[in-house]
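The structure under discussion appears below in the form of structure tokens.
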There are 2 protein chains.
Amino acid sequence: MNNKDIIVRKSLGEIIAGYLKKDIYNKKIKFGERLIEADLAERFDVSRSTIREAFKILEQEELVFSKSRKGTFVSDFTEQDLNEMIELRLIIEPRAFVNAVSILNEENFRDLEQMIEKMKDTAEKSDWNALFDLDMQFHQYVVSMSDNSRMIKIYESINVQMRVYLAHLDQYYSSPKSFYQEHKELFDTLLKKDASLVEKKTIEHITNVGEKLLQNSSGD
Amino acid sequence: MNNKDIIVRKSLGEIIAGYLKKDIYNKKIKFGERLIEADLAERFDVSRSTIREAFKILEQEELVFSKSRKGTFVSDFTEQDLNEMIELRLIIEPRAFVNAVSILNEENFRDLEQMIEKMKDTAEKSDWNALFDLDMQFHQYVVSMSDNSRMIKIYESINVQMRVYLAHLDQYYSSPKSFYQEHKELFDTLLKKDASLVEKKTIEHITNVGEKLLQNSSGD
DNA sequence: TTTATGTCGATTGTCGACAAACAACTAATT
DNA sequence: AATTAGTTGTTTGTCGACAATCGACATAAA
């Protein structure tokens with residue numbers, strides 16, 4: 001699965017990109033904030049070239065963007081962005097899920113079940129941050145089973161952006177328990193391996209998330 | 001439209017990325033070829049940093065990819081890639097086209113008609129390279145009218161990759177005339193502004209292209 | 001007060017250099 | 001002959017420095 005992590009000596013840039021990503025997740029770096037190469041270079045004790053290398057990675061995930069000669073900024077996600085992401089998820093994810101249905105094997109289902117279990121525990125602790133990570137992990141796992149590398153990559157990008165969006169909400173749209181419940185249902189549907197049912201349920205799930213989030217953000 | 005090009009002093013990296021892109025389109029750089037930073041730095045008389053900057057741009061369009069410590073390589077597009085691209089186009093483009101229908105105004109239609117006209121002329125000259133550029137331009141124009149910046153960006157990437165794929169075929173799947181005809185029909189359908197008709201026709205168009213290309217490449 | 005011009009510190013764009021990793025080859029060992 | 005270890009030239013990773021550009025403030029002109 002994550003053959004990425006096996007004995008891969010990461011470059012400094014990759015490592016630092018990872019740190020910065022976490023900082024964005026954890027709101028240590030805020031929306032729209034300007035990232036100054038020299039400052040970060042000093043903070044991580046590396047050269048500016050390396051920081052640029054890290055920026056390049058984050059840029060590909062659209063977590064930051066750089067304006068020519070103006071600097072690099074943390075992306076800020078608005079309601080409009082949420083709308084765009086939901087629209088995209090609605091056309092990509094059902095297809096990916098349906099594709100995945102015919103590919104998922106028993107081992108995969110065990111992996112997924114484990115995530116769902118962990119989600120249940122985490123929901124009881126009301127640890128939203130961990131819940132969001134599991135949510136992201138679950139969806140990405142299924143999508144990764146579709147055999148379209150481009151689709152997987154695109155979804156990964158949206159997923160990360162959704163993650164950041166969620167992290168920056170100051171109140172959440174539902175209880176941890178119903179958050180878990182939603183995913184449990186989705187998982188159960190997958191188990192049935194019925195393509196049209198999966199499609200329907202996936203659309204329902206995403207629509208649901210979207211509606212609740214939009215409702216939530218309008219009351220900010 | 002292309003406010004990008006107005007008095008924007010491009011950075012050296014951007015300029016060089018443009019040159020390299022053309023070289024890839026024109027098959028001066030081949031599939032899978034390794035791009036050596038130092039060589040390019042010398043060729044363009046810039047530093048390696050600048051070449052890296054150019055790579056970063058091309059990487060975002062997925063025209064090249066870099067393996068850690070191994071170098072940067074020109075992407076090579078196989079039949080599998082074509083399949084992936086078609087699958088993606090089939091879910092993105094109909095939606096984008098339908099969205100666009102309600103947004104396109106008279107000026108837009110004039111722009112589009114002009115492209116179609118130019119395509120007709122170009123078809124008579126059997127200038128495939130120019131035809132492909134017009135094809136790309138036409139589709140991108142319509143997709144750009146959908147109000148989802150992410151969708152636009154994703155489509156742009158696929159579009160460029162399709163362009164490279166087409167450029168590297170050594171024989172083309174149909175006559176220039178029928179290539180034009182196809183697009184003329186698509187344009188006429190857009191004119192009718194009937195959402196469900198547009199959706200149907202768009203799917204048909206892409207399916208058609210996909211089938212012909214696959215048929216073609218299997219006989220390579 | 002408003003607009004235009006000039007100055008200065010902060011920040012990015014670009015450069016060339018050195019160190020580390022890699023690939024291809026040769027020599028040595030089994 | 002096949003494997004291992006050493007050698008060398010090539011290429012990428014990372015660094016620090018200088019030049020160009022930007023943004024903010026101050027000053028001058030309208």
Side-chain angles (χ1 to χ4, degrees), chain A residues 3-21 23-24 28-76, chain B residues 3-21 23-24 28-76:
Chain A
N3 37 17
K4 293 171 201 165
D5 298 317
I6 310 172
I7 318 180
V8 175
R9 242 162 344 134
K10 290 184 179 171
S11 72
L12 276 174
E14 290 173 299
I15 294 170
I16 288 167
Y19 285 138
L20 291 175
K21 197 167 169 179
D23 280 355
I24 296 174
K28 283 182 186 161
I29 305 179
K30 296 210 183 84
F31 280 177
E33 184 173 331
R34 181 177 184 184
L35 299 175
I36 286 153
E37 294 175 1
D39 290 354
L40 292 172
E42 193 182 6
R43 172 176 159 200
F44 291 110
D45 196 30
V46 296
S47 75
R48 277 179 50 221
S49 317
T50 303
I51 298 296
R52 274 166 165 266
E53 213 61 24
F55 282 176
K56 165 175 136 181
I57 293 168
L58 296 175
E59 237 176 305
Q60 259 162 354
E61 296 179 345
E62 300 198 63
L63 291 184
V64 308
F65 62 97
S66 66
K67 295 187 197 174
S68 192
R69 277 169 246 267
K70 294 282 175 64
T72 299
F73 304 82
V74 178
S75 305
D76 74 322
Chain B
N3 38 19
K4 294 170 201 166
D5 299 319
I6 310 171
I7 317 180
V8 175
R9 247 164 339 135
K10 289 185 180 171
S11 71
L12 277 174
E14 290 172 300
I15 295 170
I16 288 167
Y19 285 138
L20 290 175
K21 198 167 168 177
D23 279 356
I24 296 174
K28 283 182 187 160
I29 305 179
K30 294 209 183 85
F31 280 177
E33 185 172 331
R34 181 176 183 183
L35 298 175
I36 287 155
E37 294 175 1
D39 291 354
L40 292 172
E42 193 181 6
R43 171 175 158 201
F44 291 111
D45 197 28
V46 296
S47 75
R48 277 179 48 220
S49 317
T50 304
I51 298 297
R52 275 166 163 267
E53 214 60 26
F55 282 176
K56 167 174 135 183
I57 294 167
L58 296 176
E59 237 175 306
Q60 259 162 355
E61 297 179 345
E62 301 197 62
L63 291 184
V64 307
F65 62 95
S66 65
K67 294 188 195 174
S68 192
R69 277 169 245 269
K70 294 280 174 64
T72 298
F73 304 81
V74 178
S75 306
D76 73 322

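Per chain, numbering begins at 1; letters A, B, ... match sequence-line order.
A heavy atom closer than 4.0 Å to some atom of DNA chain D occurs in B:Arg48, B:Arg52, these being the qualifying members of residues 48-55 of chain B.
Judged by distance alone, the side chain of A:Arg52 and the main-chain N or O of A:Ser47 form no donor-acceptor pair under 3.5 Å. At least one donor-acceptor pair closer than 3.5 Å links the side chain of A:Ser75 to the backbone N or O of A:Glu62. Within the 3.5 Å criterion, the main-chain N or O of A:Ser11 finds a donor-acceptor partner in the side chain of A:Glu14.
Put simply, the side chain of B:Leu63 does not reach to within 4.5 Å of the side chain of B:Val74, judged on heavy atoms.
For the 3.5 Å distance criterion, the side chains of B:Ser66 and B:Glu59 qualify, holding a donor opposite an acceptor.
To the nearest angstrom, C1' of C:dC22 lies 13 Å from NZ of B:Lys67. Put simply, CZ on A:Arg34 is 7 Å from P on C:dT11, counting in whole angstrom units. Whole-Å rounding puts the A:Arg69 CZ to C:dG13 C1' distance at 7 Å. Regarding A:Glu33, its CD atom lies at a distance of 16 Å from the C1' atom of C:dT11, rounded to whole Å. The interatomic distance linking A:Ile36 (CD1) with C:dG9 (P) rounds to 17 Å, in whole Å.
Taking 4.0 Å as the cutoff to heavy atoms of chain A, we find the contact window on DNA chain D bounded by D:dT14 to D:dG23.
In this structure, A:Glu33 places its CD atom where more than 12 heavy-atom neighbours from other residues, nucleotides or ligands lie under 6.0 Å away. Enclosure of atom CZ in A:Phe65 by more than 12 non-hydrogen atoms of other residues, nucleotides or ligands within 6.0 angstrom is indicated.
When the nearest nucleotides of DNA chain D are assigned to B:Leu35 and A:Ser47 by heavy-atom distance, the more 5′-ward of the two goes with B:Leu35.
Looking at A:Arg43 and A:Asp23, a side-chain N of the basic residue comes within less than 4.0 Å of a carboxylate O on the acidic one, giving a salt bridge.
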